[in-house]
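Please read these numbers as outputs of a predicted model, since none were measured by experiment.
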Amino acid sequence: MNQPLTTTNEKIEVQLSYCLYRSTATPGIDEDELDQILEKSRDRNQMRGLSGCLHYENGVFFQWLEGPPSTLYPLLGKLQNDGRHINFTVLDQGPLKHRLFKKWQMRFSDRKIASLFDWLSNQNKKEFSANNYAEEIKNFLAYLDA
């Protein structure tokens, strides 16, 4: 059976993916350790063609990673087993047409810059489903980069 031809745009979608996850920091993570995480992430991401944003607030990490699936998904497996956090939960993932954080190997934000929890509470008071919860986090991270 013949496969339909793909357009250039469809190829781009297959070649770029994203993942948004949430995890809980293990007790004792301080600013020095966060700085080390960021420095290593930025170096590693640049070598692997990845970009993204890490938000840390009240002991919770929210991270958006984007790049080639061949490097993104193996990294997620390593991150899931990283002992510096627990309760690793993928909130959303899939193909991506264009990068949201193309300027950043790893952008960082925390409550001092802006509060994700305040952002969420100031959005529509409707109950969040898993899908629109992830979308609101994505919107917050994109807002930080604007």
Side-chain angles (χ1 to χ4, degrees), residues 6-126 128-146:
T6 59
T7 66
T8 302
N9 288 342
E10 289 171 324
K11 288 180 183 177
I12 290 171
E13 288 183 29
V14 171
Q15 294 173 355
L16 193 61
S17 294
Y18 74 94
C19 180
L20 173 64
Y21 76 84
R22 175 189 63 221
S23 64
T24 305
T26 54
I29 294 223
D30 59 16
E31 283 190 41
D32 287 339
E33 189 154 7
L34 281 173
D35 288 342
Q36 290 173 359
I37 290 169
L38 286 169
E39 184 178 329
K40 288 180 182 178
S41 295
R42 288 173 178 148
D43 290 343
R44 179 187 63 230
N45 289 355
Q46 184 172 12
M47 290 184 340
R48 295 179 177 164
L50 299 173
S51 53
C53 183
L54 175 66
H55 181 78
Y56 178 74
E57 184 173 347
N58 297 352
V60 180
F61 290 110
F62 293 88
Q63 185 164 8
W64 173 279
L65 284 166
E66 58 194 19
S70 61
T71 56
L72 175 65
Y73 292 113
L75 175 61
L76 289 174
K78 291 179 183 178
L79 290 173
Q80 190 169 12
N81 295 315
D82 188 320
R84 294 174 289 192
H85 61 173
I86 56 173
N87 303 323
F88 185 98
T89 305
V90 172
L91 301 174
D92 198 12
Q93 64 182 343
L96 190 63
K97 291 182 182 180
H98 56 82
R99 292 177 188 262
L100 296 180
F101 296 96
K102 60 185 170 193
K103 299 181 289 186
W104 299 94
Q105 276 76 44
M106 185 53 59
R107 187 192 196 298
F108 177 75
S109 66
D110 61 11
R111 187 171 185 83
K112 295 177 211 167
I113 295 169
S115 170
L116 171 61
F117 299 124
D118 289 349
W119 167 277
L120 291 173
S121 69
N122 288 328
Q123 299 307 304
N124 289 332
K125 298 300 179 182
K126 65 185 175 193
F128 289 111
S129 70
N131 286 340
N132 64 4
Y133 174 68
E135 187 66 25
E136 288 299 331
I137 294 169
K138 174 185 159 188
N139 291 339
F140 171 78
L141 297 174
Y143 160 79
L144 293 175
D145 199 44

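With rounding to the nearest 0.5 Å, the separation of CG in L96 from CG in L16 is 4.5 Å. A distance of 9.5 Å separates CG in L116 from CD in E136, rounded to the nearest 0.5 Å. Annotation: the span from Q63 atom CD to L54 atom CG amounts to 5.0 Å, rounded to 0.5 Å.
Put simply, the residue from L91, D92, L76 that forms a side chain to side chain contact (heavy atoms under 4.5 Å, CB included) with C19 is L76. With S51 as the partner, the side-chain hydrogen bond (donor to acceptor under 3.5 Å, both in side chains) test is satisfied by one option alone out of K103, R99, K102: R99.
Across all their heavy atoms, A25 and Y56 have their closest contact at CB-CE1, 3.8 Å. Across P68 and L50, no two heavy atoms sit closer than the pair CD-CD2, 4.1 Å. Scanning both residues, L144 and S109, for their nearest heavy atoms gives CD1-OG, 3.1 Å. Counting all heavy atoms, side chain and backbone alike, P69 lies closest to P74 at O-CD, 3.7 Å. Nearest approach of D118 to R111, heavy atoms of both residues: OD2-NH2, 3.5 Å.
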- Go through E135 and N139 one step at a time and tell me if the side chain to side chain contact (heavy atoms under 4.5 Å, CB included) criterion holds. CA-CA 6 Å; E135 187 66 25; N139 291 339; 3.6 Å; yes

- When you look at N87 and R22, which way does the side chain to side chain contact (heavy atoms under 4.5 Å, CB included) test go after all the steps? CA-CA 8 Å; N87 303 323; R22 175 189 63 221; over 6 Å; no

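A heavy-atom distance below 4.5 Å is found between the side chains of F108 and R42. Under the 4.5 Å side-chain criterion, counting only non-hydrogen atoms from C-beta, D110 is not in contact with S115. Side chains of L65 and N45 form a contact here, defined as non-hydrogen atoms less than 4.5 Å apart. Side-chain atoms of I137 and L20, non-hydrogen and from C-beta on, do get closer than 4.5 Å to each other. Contact annotation: the side chain of F61 approaches that of L34 to within less than 4.5 Å [non-hydrogen atoms, C-beta and beyond]. No side-chain heavy atom of Q93 sits under 4.5 Å from any side-chain heavy atom of L72. Counting only heavy atoms from C-beta outward, the side chains of R44 and L75 approach each other to under 4.5 Å.
Residue-environment remark: CD (E33) exceeds the threshold of 12 foreign heavy atoms within 6.0 Å. Around atom CD of Q80, more than 12 heavy atoms belonging to other residues, nucleotides or ligands sit under 6.0 Å away.
A distance-only check finds no donor-acceptor pair linking the side chain of S41 to the backbone of M106 [under 3.5 Å]. A donor-acceptor contact shorter than 3.5 Å is absent between the side chain of D82 and the backbone of K78.
Partners of F140 according to the ring pair (Phe, Tyr, Trp, His ring centres under 6.0 Å) rule, which considers only residues two or more places apart in sequence or in another chain, are H55, W119.
Using cut-offs of 30° and 60° on the angle between ring planes, the pair Y18 and W64 is parallel.
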